[in-house]
J.: 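Before I ask anything, here is the structure I am working with.
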Amino acid sequence: MSQTQTFYDMIRRQGVTRRSFAKFCGLTAASLGLAPAYAQQISHALETRPRTPVVWMHGLECTCCTESFIRSAHPLVKDVVLSMLSLDYDDTIMAAAGHQAEEILQETLENHHGEYILAVEGNPPLNEDGMYCIDGGRPFVEKLQEMAEGAKAIIAWGSCASWGCVQAAKPNPTNATPIDRVIRGKPIIKVPGCPPIPEVMTAVVTYILTFDRLPELDRQGRPKMFYSQRIHDKCYRRPHFDAGQFVEQWDDENARKGYCLYKMGCRGPTTYNACSTIRWNEGVSFPIQSGHNCIGCSEDNFWDAGPFYERLQNINAFGVEANADKIGAATAGIVGGSIALHAALSAVKRARKSPAEDTKQKETENA
Ligand code: SF4
Ligand code: SF4
């Protein structure tokens, strides 16, 4: 394949129209939180830059990240997959297998050294010299380190590669290990979630290809544009939390009214992800909208932080407000417990309003 071939060349050959391509660029700019003008920059980069090789490797995992990625809402994602991934290496969805697949990997390593992006789904188990995950006849950890050495940048897809996830939960018999503990000296971008949101995955890849750099990361290595807010910050049930209206039992009257799931164990207040904004299945819904609490799947150690149906203790009931701690410290002794405190303060706020305002707020809450 010619090294000067661009992403645009490939999708045009696959029959994608100019209009559809422009729409993809616009949607990608929007999902990256960029101004509409950036759509042109994305379009220009994808039309003119040589295609960046992407190698996608799998360690201990369930392939849910791949499943999520290929179900991205935008129809062009299948072309992103075909054009950027399967023509290089992805041992789950590529046509090649066995020795042929291994040869493709070696070719990429030799011909694109320092140029390719290494995307990793799953993690390496280190016990018994890595024997719990053998890939191409050798321990996955060896293959991972070899490919990481020649990569320009590395993406850790999902909670397995980022944190360890279920296979690293206690007692972790295989010593499953997040990839940043076995790869040194390379930039690693973590895109956690079990799985990550497909549009987030596509946007991260497109950002790197367009701007030829990693997006801005937080202290834990996650792209800030998707992981700087908690599920709780944008949850549509938040007004019920603020009003102290909670589901007390599954399928009770409050559940039918769509009240807050905090008391049912919701991890939204401590989970950083974009589910309550981007949502899932083409933006149709997300777990809380379907009546189930967030279990914090994008957070480190989430399996061992359970059980999932026990309410969180000692969270900051006021969310992101800067003065929440001060308010809490002053009132905690009176009402005891963060939720009771918050409910009390909501009542205080209400009492400060005129009777007309109060009636209006109650109507809104009960609507
Ligand atoms: S606790 Fe959960 S359900 Fe309630 S507002 Fe926060 S994220 Fe939404
Ligand atoms: S709502 Fe919570 S548990 Fe569900 S996918 Fe999002 S982060 Fe994971």
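Given the structure is predicted, the values throughout are model-derived calculations rather than measurements. Order of listing sets the numbers, starting from 1, for every ligand and every atom in it.
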J.: Do Tyr272 and Trp280 share a hydrophobic cluster (ILVMFWY, side-chain heavy atoms under 4.5 Å, transitive)?
T.: no
J.: For residues 163-171, tabulate all N or O donor-acceptor pairs below 3.5 Å that involve a side-chain atom, not counting sequence neighbours.
T.:
from, atom 1, to, atom 2, distance (Å)
Trp163, NE1, Ser298, O, 2.9
Gln167, NE2, Leu60, O, 2.5

J.: List by chain and number: which residues place a heavy atom under 4.0 Å from ligand 1?
T.: His232, Cys235, Arg237, Arg238, Phe241, Cys260, Leu261, Tyr262, Cys266, Gly268, Pro269, Ile288
J.: Relative to the ring of Phe241, is the ring of Tyr262 parallel (under 30°), tilted (30 to 60°) or perpendicular (over 60°)?
T.: perpendicular
J.: Determine the interplanar angle of the Trp250 and Tyr309 rings, folded into 0 to 90°, and report it as parallel if under 30°, tilted if 30 to 60°, perpendicular if over 60°.
T.: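 Answer is perpendicular, since the angle exceeds 60°.
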J.: Hydrophobic clusters here meaning ILVMFWY residues chained together by side-chain heavy-atom distances under 4.5 Å, can you tell me if Met131 and Phe140 are in one?
T.: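 Different clusters: Met131 never reaches Phe140 through Ile, Leu, Val, Met, Phe, Trp or Tyr contacts under 4.5 Å.
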J.: Under 4.0 Å from any heavy atom of Ile295, which atoms of ligand 2 are there?
T.: 3 (S)
J.: What's the spacing between Lys263 NZ and Gln249 CD if we round to 0.5 Å?
T.: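 Going from the NZ atom of Lys263 to the CD atom of Gln249 covers 11.5 Å.
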